[in-house]
There are 2 protein chains.
Amino acid sequence: MKKTILIFGMLALAILALLQLSSYSLISGDLTIEFVISGIAILFFIIGVFIQKKFKKENIVSKEVDQKQINAIGLSKREYEVLLEMASGYSNKEIAERLFVSESTIKTHVSNVLLKLDAKRRTQAIQKAKELHILPI
Amino acid sequence: MKKTILIFGMLALAILALLQLSSYSLISGDLTIEFVISGIAILFFIIGVFIQKKFKKENIVSKEVDQKQINAIGLSKREYEVLLEMASGYSNKEIAERLFVSESTIKTHVSNVLLKLDAKRRTQAIQKAKELHILPI
DNA sequence: AACAGTCTCATACTAAAGTACCAAATCTAT
DNA sequence: ATAGATTTGGTACTTTAGTATGAGACTGTT
């Protein structure tokens, strides 16, 4: 967790910088104490929100599809489309109708998907695809 | 977004309260300006983190299984177990081996699961189960 | 233009999934 | 203890899924 140390170090620095700035402003009389404190409060609130967001993103399984993984596996555009339809629970015949091609074509694509994902069944392919983060949701 | 308005109202109030408190402390000379500002910064940082956490939680699809849904659907304990195995990508034969029963039994269970989830195929059953939040992940 | 890759489709299989129907054993709660 | 639900298992059958193989059409690339 180097990032944690880094972030808290930066925060400490930010606080020190603000202290310097605020005391200087107060001495010079440009700003009122209320204004400075409000600004600091808002600033640190925003920083808190931002940092929490960053941390959350790392912990949560991203719902985004990992395009790099798709390329790494070697799935073609059409094969990936078929995979998505499979994962949605459609049969080969239904996928064929939805994509306006023959069932034979879908079978070919499915076989290729299974090969590339090293799966014996479509359900296993779906599971593996999920683990590889190449499926939305 | 009533919550948003509420939260920001509370924040504004908190800032005002802090201003009052800090000016009072400064006048009475109990605290230094640095100490007050640091405290406020830390406080608002924490508030920011907390609020972001709250908001995030609402957006994320809960990974918990919805036991009520399982009951509502009428899935028995064993049927649910089979559903989980199905969703993991196992074949009927594999599930039979894993649960130490015959393949016939699994077929019966699977048929019942499909009926209760109103699905034509196991992939569709998995998809529907996912939507009903009765699958972990 | 030639080539690799993709997409399409077909045939002929084998394997797996799913349905229908039945029935015995086992729990479970009243 | 008995009724109702659950679990288990079987047979026989239909439907999907998946494999193997081949091949034409259509990219984009060098």
Side-chain angles (χ1 to χ4, degrees), chain A residues 65-132 134-135, chain B residues 65-132 134-135:
Chain A
V65 297
D66 192 342
Q67 191 64 42
K68 287 172 194 167
Q69 280 287 0
I70 298 176
N71 294 332
I73 295 158
L75 282 178
S76 75
K77 208 184 296 177
R78 202 57 161 170
E79 284 163 356
Y80 181 64
E81 278 178 26
V82 171
L83 172 60
L84 290 182
E85 296 289 317
M86 264 168 44
S88 297
Y90 294 110
S91 71
N92 288 338
K93 188 181 279 184
E94 285 170 344
I95 299 173
E97 285 165 3
R98 287 169 59 87
L99 299 185
F100 306 108
V101 291
S102 80
E103 199 185 337
S104 299
T105 306
I106 300 302
K107 283 190 175 188
T108 306
H109 287 321
V110 170
S111 275
N112 289 333
V113 170
L114 295 186
L115 262 177
K116 291 177 181 178
L117 279 172
D118 190 30
K120 286 174 192 162
R121 287 163 292 283
R122 52 172 56 204
T123 49
Q124 195 178 19
I126 294 166
Q127 180 60 26
K128 289 201 174 190
K130 219 181 299 174
E131 286 167 3
L132 290 166
I134 60 176
L135 290 183
Chain B
V65 298
D66 191 343
Q67 190 64 41
K68 288 172 194 169
Q69 281 286 0
I70 298 176
N71 294 333
I73 295 160
L75 282 179
S76 76
K77 208 184 297 178
R78 203 58 161 169
E79 284 162 356
Y80 181 64
E81 278 179 27
V82 172
L83 172 60
L84 290 183
E85 297 289 317
M86 263 168 44
S88 296
Y90 295 110
S91 70
N92 289 339
K93 189 182 277 184
E94 284 171 346
I95 298 172
E97 284 164 5
R98 287 169 60 87
L99 299 184
F100 306 108
V101 291
S102 79
E103 198 185 338
S104 299
T105 305
I106 299 302
K107 282 189 174 188
T108 307
H109 287 322
V110 170
S111 276
N112 289 334
V113 170
L114 295 186
L115 263 177
K116 290 176 181 178
L117 280 171
D118 190 32
K120 288 175 190 162
R121 287 161 293 283
R122 50 172 57 206
T123 48
Q124 196 178 18
I126 294 166
Q127 180 60 25
K128 288 201 174 189
K130 219 182 298 172
E131 285 169 4
L132 290 166
I134 60 178
L135 290 183

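Quick caveat: nothing in here was measured; it's all calculated off a predicted structure. Quick note on labels: first sequence line is chain A, next is B, and so on, each numbered from 1.
Heavy atoms of A:S111 sit under 4.0 angstrom from at least one base atom. The residue A:S91 sits close only to the backbone: its heavy atoms come under 4.0 Å of sugar-phosphate atoms, none of a base.
Within the model, atoms CD1 of B:I106 and CE of B:M86 stand 10.5 Å from one another, a figure rounded to the nearest 0.5 Å. Here the CD1-CD1 distance, from A:I126 to A:I134, works out to 11.0 Å after rounding to the nearest 0.5 Å. Atom NZ of B:K116 sits about 11.5 Å away from atom CG of B:L83, to the nearest 0.5 Å. For the atom pair CG of A:L115 and CD of A:E79, the computed distance is 9.5 Å after rounding to the nearest 0.5 Å.
The shortest distance between the side-chain N/O atoms of A:R122 and the OP1/OP2 oxygens of D:dG18 is below 4.0 Å. OP1 or OP2 of C:dT8 lies within a sub-4.0 Å distance of a side-chain N or O belonging to A:H109. In this model, the phosphate group of C:dA16 is not approached by any side-chain N or O of B:N92 to a distance below 4.0 Å at OP1 or OP2.
Rounded to whole Å, atom C1' of C:dA17 lies 13 Å from atom CD of B:E94. Between B:R121 atom CZ and D:dG18 atom P there is a gap of 12 Å when expressed in whole angstrom units. Across the protein-nucleic acid pair, B:K116 atom NZ and D:dA5 atom P stand 11 Å apart, rounded to whole Å. The interatomic distance linking A:I95 (CD1) with C:dT8 (C1') rounds to 16 Å, in whole Å. Distance, A:F100 CZ to C:dC7 C1': 16 Å, rounded to whole Å. A straight line from CD of A:E103 to P of D:dG18 spans 11 Å, rounded to a whole angstrom. Note: CD1 (A:I106) to P (D:dT19) measures 15 Å, nearest angstrom. Rounded to an integer number of Å, the gap from A:I126 CD1 to D:dA17 P is 11 Å.
Of the candidates D:dG9, C:dA16, C:dT19, the closest approach to any side-chain atom of B:S102 belongs to D:dG9. Minimum atom distance to the side chain of A:K107 is reached by D:dT19, of the listed C:dG18, D:dT19, D:dG9.
Two residues, B:S104 and A:L114, neighbour DNA chain D, and the one matched to the more 5' nucleotide by heavy-atom proximity is B:S104.
The side-chain heavy atoms of B:V101 and B:H109, taken from C-beta on, include no pair separated by under 4.5 Å.
Contacts between residues 73-86 of chain B and DNA chain D, counted as heavy-atom distances below 4.0 Å, involve B:S76, B:K77, B:R78.
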